[in-house]
Amino acid sequence: MRKYRTWHEILMEQLSDTDDAIDYLQVTLEEYQVDGDTSFFLSEIRTVVEAQGGVSKLAEKINIEPQVLSDMLTSKVAPRLDTFSTILRTLGCRLSIESIAAVSPSPEVEDKDPPIGPGPTRERLSVATDS
């Protein structure tokens with residue numbers, strides 16, 4: 001009898017690999033830059049955290065309470081940049097900034113100049129390995 005795995009099990013297995021997790025985070029970040037959905041972006045980071053050992057393991061590594069980290073990753077509010085950077089570094093990656101001109105926009109998204117002043121912007125941040 002053949003046992004079928006769920007898509008979630010397959011995803012968790014793939015995301016346990018650091019390179020696959022970084023690729024996944026990169027795509028998630030690109031989606032966030034288009035739609036600005038912070039809670040979705042944080043939930044996808046949580047998915048990677050779960051695949052990489054779970055909230056408790058990561059919380060221990062960055063020296064915060066697991067419930068605090070869990071709340072942070074299920075919030076609609078982005079964590080502080082230093083905290084976010086620590087989470088990413090612990091997952092084996094970092095944020096980087098690159099010129100919009102260096103990025104080819106996807107065909108379905110017309111890239112216009114980002115707005116100036118308050119409000120949602122389309123910054124081009126990327127997740128990269130530390131190597």
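No experiment lies behind these values; they were computed from the predicted model shown. All values below were derived from every heavy atom in this structure, side-chain atoms included, with hydrogens, water molecules and symmetry-related copies excluded.
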Give, for atom [atom1] of [X] and atom [atom2] of [Y], the distance between the pair rounded to the nearest 0.5 Å.
X   : Y   : atom1 : atom2 : result
I64 : T86 : CD1   : OG1   : 9.0 Å
R46 : F41 : CZ    : CZ    : 15.5 Å
L29 : Y24 : CG    : OH    : 13.0 Å
I87 : D82 : CD1   : CG    : 10.0 Å
T18 : L91 : OG1   : CG    : 8.5 Å
L73 : L42 : CG    : CG    : 6.0 Å

Side-chain donor or acceptor of S75 paired with backbone N/O of M72 under 3.5 Å
no
Has E9 got a side-chain atom pairing as donor or acceptor with T6's backbone, closer than 3.5 angstrom?
yes
Determine, using the 4.5 Å side-chain heavy-atom cutoff (strictly less than), whether [X] and [Y] are members of one ILVMFWY cluster.
X   : Y   : answer
Y32 : L81 : yes
I62 : V49 : yes
L15 : V27 : no

Please name the pair of heavy atoms, one in [X] and one in [Y], separated by the smallest distance, quoted to 0.1 Å.
X   : Y   : result
A21 : Q52 : CB-NE2, 3.8 Å
S70 : V55 : N-CG1, 4.0 Å
I22 : G92 : CD1-O, 3.6 Å

Test side chain to side chain contact (heavy atoms under 4.5 Å, CB included) on I10 and R5 and set out the steps.
CA-CA 7 Å; I10 294 167; R5 297 185 307 160; 3.5 Å; yes
Exceeds 12 heavy-atom contacts within 6.0 angstrom, atom CD of E31:
yes
Any side-chain heavy-atom pair from L95 and S85 closer than 4.5 angstrom?
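Answer no - side chains too far apart.
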For the pair L88 and R94, evaluate side chain to side chain contact (heavy atoms under 4.5 Å, CB included) and give the outcome as yes or no after the intermediate values.
CA-CA 6 Å; L88 291 177; R94 63 180 167 83; 5.7 Å; no
